[in-house]
Amino acid sequence: MMQEPIRVAVTGSAGQIGYSILFRIAAGAMFGRDRPVHLSLLERDHPTSRSALKGVMMELEDCAFPLLAGMSATTNPKEAFRDCDVALLIGARPRGPGMERADLLESNARIFIEQGRALDEVAKRSVKVLVVGNPCNTNAWIAMKSAPSLSPKCFTAMVRLDQNRAISMLAAKTGAKASHVHQVAVWGNHSPTVFADLLHATVDGTRALELVDRDWYEKTLLTTLARRGTSIIQSRGASSAASAANAAIDTMRDWVLGSMGEWVSMGVVSDGSYGIPEGLVCGMPCVCRNGDYEIVQGLGFDDFAKARIERTVRELEAERDAIAPLFR
Ligand SMILES: NC(=O)c1ccc[n+]([C@@H]2O[C@H](COP(=O)([O-])OP(=O)(O)OC[C@H]3O[C@@H](n4cnc5c(N)ncnc54)[C@H](O)[C@@H]3O)[C@@H](O)[C@H]2O)c1
Ligand SMILES: O=C(O)C[C@H](O)C(=O)O
């Protein structure tokens, strides 16, 4: 028997990431090829955005996707999020050349307060929210704080793009397939301080750090990762879109359908594990099953990893403190 459509709200749906993600969701890449979807599309109340979204919807129609049970468009967050099972909060101003993601903090905070409140009022109590719009960890924290009647576990931020980038670099360096790389853990903020932890990673069953030298890991992989978003902006003249959409699909698919024992990095609300202050939305390795995630426990670190985690956590605290006055 065909299942009920899953209601997916997507904000910023006429933007670059929106254009890369909607067609894949409608084709079954996020929830499986037997799960119909209803797309609830939110855009800015602006003639250009409304017109662009109209065009995207015409294209979605023209694909005749068998799984697309319906779609609706609105500029009102409460309409967009009503009874949604999943909310992909993508819509926000992206950074341009010369900006850091933290520069977007104030301009985007208002969006996530309004959307958090709307989710609080009208979304399903089991809603799974993935914040992609930058700075995504702190925006997820803002949305979570604005939605006190929802469980904090409903809110996550996207650090999976960093995990995918690190896996890809490690696979290329060792000549392995990306699918043979496991247990790469991404900690902290989706920012230049992000820390990809290879201490526990394996490649074809061998410890990654036995296959690559420490210098390459610390100087090349971590530096490239920290600058990857900037390098893409410099080359493309616009921020990453298809790879970001792909990482959002990976995150939500694993959260909903399970990660089959794989470690997946998610920006989740800290429960105090590893001394990370409770309540921060911090990248951590998780395992997903039964529609829920658990933080991987019991990992040990060397001094380098401890210092890198501490640094990115301090940055998250500083971002949170910068917007805390909005919540007093
Ligand atoms: N976390 C990550 O790994 C990651 C990766 C890539 C990009 N991003 C971020 O994702 C966000 C979107 O990137 P993009 O390239 O799609 O940008 P874009 O400018 O192409 O699209 C953003 C869209 O959001 C819409 N929008 C703006 N405010 C809105 C609001 N209040 N409600 C609904 N829609 C709204 C805009 O009209 C636009 O269509 C940016 O913040 C970018 O920095 C995050
Ligand atoms: O770097 C950006 O601003 C976009 C995105 O967060 C990325 O990492 O590619």
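Numbering of ligands and ligand atoms starts at 1, following listing order.
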Passing option when Asp85 is tested against Arg7, Lys128, Lys124 for salt bridge (charged side-chain N to carboxylate O under 4.0 Å, His left out): Lys124
Where ligand 1 meets Ile90 - atom numbers and elements under 4.0 angstrom, heavy-atom basis: 10 (O), 11 (C), 12 (C)
Ligand 2 atoms in contact with Ser239 (distance to a heavy atom under 4.0 Å): 4 (C)
Counting both backbone and side chain atoms, is some N or O of Ser240 under 3.5 Å from an N or O of ligand 1? no
Tell me the protein heavy atom at minimum distance from atom 6 (O) of ligand 2, and give that distance in Å. His190 NE2, 2.6 Å
Answer side chain, backbone, both or neither: which part of Gln115 comes under 4.0 Å from ligand 1, heavy atoms only. side chain
Is it the side chain, the backbone, both or neither of Ala92 that has a heavy atom closer than 4.0 Å to ligand 1? both
Among Thr251, Asn246, Asp254, find the one that has a side chain to side chain donor-acceptor pair (under 3.5 Å) with Arg160. Asp254
Using modelled atom types only, decide if a donor and an acceptor are shared between the side chain of Thr202 and the backbone of Arg207 within a distance under 3.5 Å. no
Ligand 1 atoms nearer than 4.0 angstrom to some heavy atom of Ser239 are 15 (O)
Nearest protein heavy atom to atom 3 (O) of ligand 1, by residue and atom, and its distance? His190 NE2, 3.1 Å
Is Glu106 atom CD crowded by more than 12 heavy atoms from other residues, nucleotides or ligands, each under 6.0 Å away? no
Taking non-hydrogen atoms only, is Met158 closer than 4.0 angstrom to ligand 2 via side chain, backbone, both or neither? neither
Using a 4.0 Å cut-off to any heavy atom of Gly229, which atoms of ligand 2 qualify? 1 (O), 7 (C), 8 (O), 9 (O)
protein heavy-atom neighbour closest to atom 1 (N) of ligand 1 works out as Val132 O, 3.3 Å
Name of the residue among Leu316, Thr312, Val313 meeting side chain to side chain contact (heavy atoms under 4.5 Å, CB included) with Thr193: Thr312
Considering only heavy atoms from C-beta outward, does the side chain of Ser239 approach that of Gln16 to under 4.5 Å? yes
Please write down residue, atom name and distance for the protein heavy atom closest to atom 39 (O) of ligand 1. Glu43 OE2, 2.6 Å
Which residue and non-hydrogen atom of the protein lie closest to atom 8 (O) of ligand 2, and at what distance in Å? Arg101 NH2, 2.7 Å
May I ask you to check whether Trp141 and Phe112 place their ring centres under 6.0 Å from each other? no
Tell me the contacting part of Asp162 for ligand 2: side chain, backbone, both, or neither, using a 4.0 Å heavy-atom threshold, strictly below. neither
Could you work out, for atom 31 (N) of ligand 1, the closest of Asn108, Val10, Ile111 by heavy-atom distance? Ile111
Identity and distance of the protein heavy atom lying nearest atom 1 (O) of ligand 2: Arg95 NH2, 2.7 Å
Heavy atom to atom 34 (N) of ligand 1, shortest distance: which of Cys136, Ala80, Gly12 holds it? Gly12
By number and element, which atoms of ligand 2 are closer than 4.0 Å to a non-hydrogen atom of Ser240? 5 (C), 7 (C), 9 (O)
Quick one: does ligand 1 sit under 4.0 Å from the side chain of Leu161, the backbone, both or neither, non-hydrogen atoms only? side chain
Starting from atom 29 (C) of ligand 1, which protein heavy atom do you reach first, and at what distance in Å? Arg44 CG, 3.5 Å
List ligand 1 atoms under 4.0 Å from Ala244, heavy atoms only on the residue side. 5 (C), 6 (C)
Are Arg314 and Glu317 within salt-bridge range, i.e. N to O under 4.0 Å? yes
Assess whether side-chain hydrogen bond (donor to acceptor under 3.5 Å, both in side chains) is satisfied between Thr75 and Glu43, documenting all intermediate values. CA-CA 5 Å; Thr75 55; Glu43 253 302 335; over 6 Å; no
At under 4.0 Å between heavy atoms, what of Met158 touches ligand 1? The answer is both
How far is atom 14 (P) of ligand 1 from its nearest protein heavy atom, and which residue and atom is that? Ile17 CG1, 3.9 Å
Check the pair Ser240 / Arg228 against side-chain hydrogen bond (donor to acceptor under 3.5 Å, both in side chains), numbers first and verdict last. CA-CA 9 Å; Ser240 62; Arg228 190 64 164 185; over 6 Å; no
Arg165 neighbourhood, listing ligand 2 atoms whose heavy-atom distance to it stays under 4.0 Å: 7 (C), 8 (O), 9 (O)
Looking only at protein heavy atoms, which one is nearest to atom 21 (O) of ligand 1, and what is the separation? Gly15 CA, 3.2 Å
Contact (N/O only, under 3.5 Å) between Gln16 and ligand 1: yes
Closest protein heavy atom (residue, atom, distance) for atom 41 (O) of ligand 1: Asn134 N, 3.0 Å
